Amino acid sequence: MPELPEVENLARGLTARILGATIMDIRCHFPAVVRPDADCFADAIRGRTIDKLRRHGKYLFFLLDGDVAFALHLRMTGQLLLVPGDQRVDRHTHLEILLADRKSKIVYRDVRKFGRLELLNSGVEQFVQVKKLGIDALSISAGHLFELFQKTSRTIKAALLDQRVIAGLGNIYTDEILFREGISPLRKAASLKLEQVASLRLTIRAVLRSAVRRKGTTISDYVDDQGQEGSFQKALLVYSRAGEPCRRCGTPIIKQQVAGRGTYSCPLCQRA
DNA sequence: ACTATCCCCTGACGGC
DNA sequence: TGCCGTCAGGGGATAG
């Protein structure tokens, strides 16, 4: 499932390859992936030039000339690929964005069809506000995170997964971060002291940056714009390792439901 | 304002 | 082999 590192990796790859390209036309094969609707989306971006890409949390923004922009969210199984303009697409490809000058196209694939491409009404800041997105996980300060934790009665796992609290963390990285920090996913977020939140913030940054360096985590579907898989799955310490020995103490990793998500942790290393 | 639950959707997987 | 039920999950909607 694409989280911040995967979206960042995608943004970096695409930036190098599509900036300055002009959108010639759009082919939509499954209208529900596009908001507000396929015609509206196509009419707005056709003929526009891709000026810049921006990421906030798990959203990737395409900024076009004329103050036109759209947002992409890959959800669970979304993929954005840059391929030759004449390449055939399969039944999971829902949108093709044909580029004018480079004989290539951006294609959106999504097996589960959860992802969305959404035309922005106004700027990125407005979009972030409407979606109530929190500060990006790589930008948030310890003091701010501490304040947000103080305001909730939820578990740390639920708080970290909540995109309104901190934007960019999903189920995989949340579990990895909490393990590395030795914090139980069931612990109340408000019980963390400021220095513990400061340490947690450093671990959030370290894990995310390491994952970006390794070009993301490929568990099932994630690939970058060139179809390349990431390698951070080799560095996972708890996620999807139920029953296997903890790398630190040897105790079997457990899986339990926390905040409605399958959650992996070491019962010994993450006791509080 | 909070939590719990359902929904979307398909492929993987277990049981028979 | 094949059929069927269950599970996975980000975020939006809805109910309590």
Side-chain angles (χ1 to χ4, degrees), chain A residues 1-8 10 28-38 55-61 70-80 89-95 108-121 127-134 136-137 147-178 185-191 208 211 216-223 229 233 236 238-243 253-265:
Chain A
M1 60 208 89
E3 306 178 27
L4 185 151
E6 290 73 36
V7 181
E8 176 67 23
L10 186 64
C28 184
H29 310 291
F30 185 75
V33 302
V34 179
R35 298 286 168 86
D37 64 70
R55 182 194 58 73
H56 185 106
K58 304 177 197 174
Y59 282 93
L60 181 58
F61 299 97
F70 64 90
L72 166 72
H73 197 302
L74 299 169
R75 295 285 184 95
M76 302 298 298
T77 55
Q79 300 175 338
L80 204 63
V89 299
D90 69 357
R91 71 190 191 92
H92 296 304
T93 297
H94 310 308
L95 189 78
Y108 181 66
R109 284 188 83 242
D110 191 346
V111 168
R112 293 191 193 168
K113 301 176 178 172
F114 282 1
R116 294 288 178 266
L117 292 107
E118 188 170 346
L119 196 63
L120 266 60
N121 293 319
F127 181 88
V128 166
Q129 202 172 359
V130 168
K131 297 285 185 184
K132 298 179 166 50
L133 295 179
D136 188 82
E147 281 177 30
L148 293 167
F149 285 171
Q150 289 295 109
K151 291 196 299 189
T152 182
S153 60
R154 308 154 82 190
T155 61
I156 185 69
K157 168 99 180 190
L160 290 177
L161 282 177
D162 189 341
Q163 302 301 299
R164 296 168 300 182
V165 172
I166 177 172
L169 299 179
N171 205 33
I172 296 173
Y173 292 110
T174 299
D175 282 4
E176 292 299 313
I177 287 161
L178 290 176
L186 289 166
R187 181 159 172 184
K188 296 291 185 183
S191 75
L208 294 179
T217 300
T218 300
I219 295 283
S220 58
D221 295 272
Y222 172 73
V223 291
E229 298 185 350
Q233 64 276 9
L236 296 178
V238 284
Y239 188 82
S240 82
R241 297 191 62 243
I253 298 299
I254 59 169
K255 181 183 184 184
Q256 59 189 329
Q257 289 290 117
V258 182
R261 298 282 174 262
T263 300
Y264 301 87
S265 63

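Letters A, B, ... mirror the listed sequences (proteins, then strands); counts begin at 1. Here the structure is a predicted model, which means the values were calculated and not measured.
- Between the CD atom of Gln257(A) and the P atom of dC7(C) there is a distance of 10 Å, rounded to whole Å.
- Classification of Asp110(A) and Arg75(A) as a salt-bridged pair fails, no side-chain N sitting under 4.0 Å from a carboxylate O.
- Phosphate contact (OP1/OP2 of dA8(C), side-chain N/O of Arg261(A), threshold under 4.0 Å): absent.
- Checked against dG9(C), dA8(C), dG12(C), the side chain of Lys131(A) finds its nearest nucleotide in dG12(C).
- For the side chain to side chain contact (heavy atoms under 4.5 Å, CB included) criterion with Tyr239(A), the lone passing option out of Asp175(A), Thr263(A), Thr217(A), Ile253(A) is Asp175(A).
- One finds a salt bridge joining Asp136(A) and Arg55(A) here, because a Lys/Arg side-chain nitrogen approaches an Asp/Glu carboxylate oxygen to under 4.0 Å.
- With centres under 5.5 Å and a plane angle under 30°, the ring of Phe114(A) is stacked against the base of dG10(C).
- At least one side-chain nitrogen or oxygen of Tyr239(A) sits closer than 4.0 Å to the OP1 or OP2 atom of dG9(C).
- Put simply, Lys113(A) has no side-chain N or O that comes within less than 4.0 Å of OP1 or OP2 on dG11(B).
- Listed pair His92(A) / dG11(B) meets the phosphate criterion, a side-chain N or O lying under 4.0 Å from OP1 or OP2.
- Between dC2(B), dG10(C), dG11(B), one nucleotide has an atom nearer to the side chain of Lys58(A) than all others, and that is dG10(C).
- One distance of note links CZ of Arg109(A) with CG of Asp90(A); it measures 4.0 Å at 0.5 Å rounding.
- No N or O donor and acceptor, one from the side chain of Arg112(A) and one from the base of dG11(B), sit under 3.5 Å apart.
- Note on Gln163(A): every side-chain N or O is 4.0 Å or more away from OP1 and OP2 of dG10(C).
- At the phosphate of dG11(C), neither OP1 nor OP2 sits under 4.0 Å from any side-chain N or O atom of Lys132(A).
- Phosphate proximity of dG11(C) to His73(A): present, with a side-chain N or O under 4.0 Å from OP1 or OP2.
- Considering only side-chain atoms of Arg91(A), the nucleotide from dC9(B), dG9(C), dT10(B) that sits closest is dT10(B).
- Under 4.0 angstrom from either OP1 or OP2 of dT3(B) there lies at least one side-chain N or O belonging to Arg154(A).
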